[in-house]
Protein chains: 2
Amino acid sequence: MFRLSKVSDYGIVVLAHLARNPVPASRNAREIAHEVQLPAPMVSKILKSLARQGVLESQRGAQGGYQLARPPEAITVGQMITILEGPMGLTECALGADLCTHEGSCEVQSSWQLINRVISDALQRVTLADLIDPAFDEHLSTDDILNRVRPTRSSSVDERPEPN
Amino acid sequence: MFRLSKVSDYGIVVLAHLARNPVPASRNAREIAHEVQLPAPMVSKILKSLARQGVLESQRGAQGGYQLARPPEAITVGQMITILEGPMGLTECALGADLCTHEGSCEVQSSWQLINRVISDALQRVTLADLIDPAFDEHLSTDDILNRVRPTRSSSVDERPEPN
DNA sequence: CGATATCGGACCAATTTAGTCCTGTAAATA
DNA sequence: TATTTACAGGACTAAATTGGTCCGATATCG
Ligand code: FES
Ligand code: FES
């Protein structure tokens, strides 16, 4: 159906909420779930994944909770999706590995790899800061996004999601 | 998992194969399936969808079969995916309709709509002709694709998949 | 007429997803 | 130190989706 899973969907909503509402600095999973109106166990699971991958910092114990580990400009939509959804690739062939049974006979593998890269790059160009920027989502064309010279706030950001 | 379904995957392989091997003009489903080494009933189902949406022309009865209804330059990857996978949208909210239960309280809906448009546009910029062009998939950057001035063969193409 | 093929669905099994729950461990606080 | 809070890490289930098959109807050719 070409949809993101709910995990990614919710995850991005949660991160956007945290970026938009930076205080109080640390909140626990239950509070966050209540704030975004999503099922608490799901949100908890998602928060754990994000913390494990370094997007959130977690504090255990009483008064513990989660907060963003980096400024919103340093977190891209592409990273979030990769973390919550697994390695990006519209088809397995697109990943380049020897996973597809038709490799060798297939005539479109390399094309898929390119298409995949295009999508991936596009998603890496949108940051969490963009998601909560009211100016971002109004009257922008595709080319504005894809060609834009990054504004100051994210000009020096060029990170990848850390492995692990 | 953020993958295209097999239906789309196979569908694109089939179309690429037909574009690359234009003769004989009309072949039946069984032959096509054999040529691309994919399960015949699946291929048949896919061919039917594509024919119904006008990408292929079908000829019934003895000596019948399928052939491309338009030149490869006039068929985009975005169209193929839309036909085989349904309306494109990474989340339901992205479609803009009143489908999501969180609408109103949600803080990222309009951002999703933009992200969605970016992906969609990117996929509309790649045609079937590109997929079978050996030059296409070698050493091209994302920007080459996204910013490229369309070459002659697809400069005047700006169609959408017809509704129905 | 009879053979060939598409058309349009129904149908089923296997996988994936959405969502819950439980046990363990770390931190704060009284 | 005992207690409570809250994350860590999984196992687990039910529901939805997907991949794949099959069939009766219809159209076309010879
Ligand atoms: S279908 Fe897998 S390599 Fe092309
Ligand atoms: S989650 Fe549906 S509108 Fe945002």
Side-chain angles (χ1 to χ4, degrees), chain A residues 1-11 13-14 18 24-34 36-67 69 81 83-86 90-92 100-102 164, chain B residues 1-14 24-34 36-67 69 81 83-86 90-92 100-102 164:
Chain A
M1 216 202 305
F2 200 43
R3 291 279 138 81
L4 248 34
S5 71
K6 293 291 181 197
V7 170
S8 308
D9 188 348
Y10 294 173
V13 169
V14 164
L18 292 179
S26 186
R27 276 163 287 186
N28 68 35
R30 192 168 20 81
E31 285 166 339
I32 295 174
H34 181 258
V36 296
Q37 296 273 58
L38 291 170
M42 269 266 95
V43 170
S44 172
K45 172 154 74 170
I46 292 163
L47 291 169
K48 279 184 271 187
S49 298
L50 292 170
R52 208 176 321 166
Q53 301 295 319
V55 170
L56 294 176
E57 257 160 26
S58 64
Q59 178 70 22
R60 290 212 205 182
Q63 303 305 315
Y66 294 93
Q67 60 185 304
I81 293 178
I83 289 172
L84 295 169
E85 201 89 11
L90 297 197
T91 65
E92 11 264 297
C100 178
T101 53
H102 308 100
N164 165 29
Chain B
M1 218 201 306
F2 199 43
R3 291 278 139 81
L4 249 34
S5 71
K6 293 291 182 196
V7 171
S8 309
D9 188 347
Y10 295 173
I12 292 174
V13 169
V14 164
S26 186
R27 274 163 289 186
N28 69 34
R30 191 166 21 81
E31 285 165 340
I32 295 174
H34 180 257
V36 296
Q37 295 273 60
L38 290 171
M42 270 265 93
V43 169
S44 172
K45 172 154 74 167
I46 292 163
L47 291 169
K48 280 184 270 186
S49 298
L50 291 171
R52 210 175 320 166
Q53 301 295 319
V55 170
L56 294 176
E57 255 160 29
S58 63
Q59 179 71 19
R60 288 206 195 184
Q63 303 303 315
Y66 295 93
Q67 60 185 303
I81 293 178
I83 288 172
L84 295 169
E85 201 88 13
L90 298 196
T91 64
E92 11 265 295
C100 178
T101 52
H102 308 101
N164 166 32

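So you know, we letter chains A, B, ... as the sequences are listed, proteins then strands, and number each from 1. Values reported hereafter were calculated over all heavy atoms of this structure, with side chains retained and with hydrogens, waters and symmetry mates removed.
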Heavy atoms only: give me the nearest [X]-[Y] pair and the separation to one decimal.
{"X": "A/Glu92", "Y": "B/Lys6", "answer": "OE2-NZ, 3.6 Å"}
{"X": "A/Leu84", "Y": "A/Val7", "answer": "CD1-O, 3.8 Å"}
{"X": "A/Ser58", "Y": "A/Ala51", "answer": "CB-CB, 4.2 Å"}
{"X": "A/Gln53", "Y": "A/Ile83", "answer": "CG-CG2, 3.4 Å"}
{"X": "A/Ala25", "Y": "A/Gln67", "answer": "O-CB, 3.1 Å"}

Which whole-number value in Å describes the distance from [X] [atom1] to [N] [atom2]?
{"X": "A/Lys48", "N": "C/dT25", "atom1": "NZ", "atom2": "P", "answer": "15 Å"}
{"X": "B/Leu50", "N": "C/dC7", "atom1": "CG", "atom2": "P", "answer": "11 Å"}
{"X": "B/Phe2", "N": "C/dT17", "atom1": "CZ", "atom2": "P", "answer": "13 Å"}
{"X": "B/Asn28", "N": "C/dA3", "atom1": "CG", "atom2": "P", "answer": "17 Å"}
{"X": "A/Leu84", "N": "C/dT17", "atom1": "CG", "atom2": "P", "answer": "13 Å"}
{"X": "A/Lys45", "N": "C/dT17", "atom1": "NZ", "atom2": "P", "answer": "11 Å"}

Scan nucleotides 27-30 of chain C against the protein and return all N/O pairs shorter than 3.5 Å with their distances rounded to 0.1 Å.
residue, atom, partner, partner atom, Å
C/dA27, O3', A/Gln59, NE2, 3.4
C/dA28, OP1, A/Gln59, NE2, 3.3

> Of A/Tyr10 and B/Ala29, whose closest DNA chain C nucleotide lies nearer the 5' terminus?
Replying inline: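 Nearest nucleotide further toward 5': that of B/Ala29.
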Roughly how far, to the nearest 0.5 Å, is [atom2] of [Y] from [atom1] of [X]?
{"X": "B/Leu90", "Y": "A/Arg3", "atom1": "CG", "atom2": "CZ", "value": "8.5 Å"}
{"X": "A/Arg52", "Y": "A/Lys48", "atom1": "CZ", "atom2": "NZ", "value": "8.0 Å"}
{"X": "A/Asn28", "Y": "A/Ser44", "atom1": "CG", "atom2": "OG", "value": "9.5 Å"}
{"X": "A/Met42", "Y": "A/Leu47", "atom1": "CE", "atom2": "CG", "value": "11.0 Å"}

> For C/dC7, does either OP1 or OP2 sit under 4.0 Å from a side-chain N or O belonging to B/Ser58?
Replying inline: yes
> According to a strict under-4.0 Å criterion, is B/Arg52 in side-chain N/O contact with OP1 or OP2 of C/dG8?
Replying inline: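 Indeed, a polar side-chain atom of B/Arg52 lies that close.
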> Of all of residues 37-44 of chain A, which get a heavy atom below 4.0 angstrom from DNA chain C, listed by number?
Replying inline: A/Pro39, A/Pro41, A/Met42
> Is the closest side-chain heavy-atom distance between A/Leu56 and A/Leu18 below 4.5 Å?
Replying inline: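 A/Leu56 vs A/Leu18: side chains touch.
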> Is there side-chain contact between B/Ile12 and B/Ile81, with heavy atoms separated by less than 4.5 Å?
Replying inline: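 B/Ile12 vs B/Ile81: side chains touch.
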>> For a 4.0 angstrom threshold against heavy atoms of chain A, report the outermost contacting nucleotides of DNA chain D in 5' to 3' order.
In response: D/dT5 to D/dT18
>> Just to be sure I understand the rule, does B/Lys6 reach a base, reach only the sugar-phosphate, or reach nothing, if contact means heavy atoms closer than 4.0 Å?
In response: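 Contact class for B/Lys6: sugar-phosphate only.
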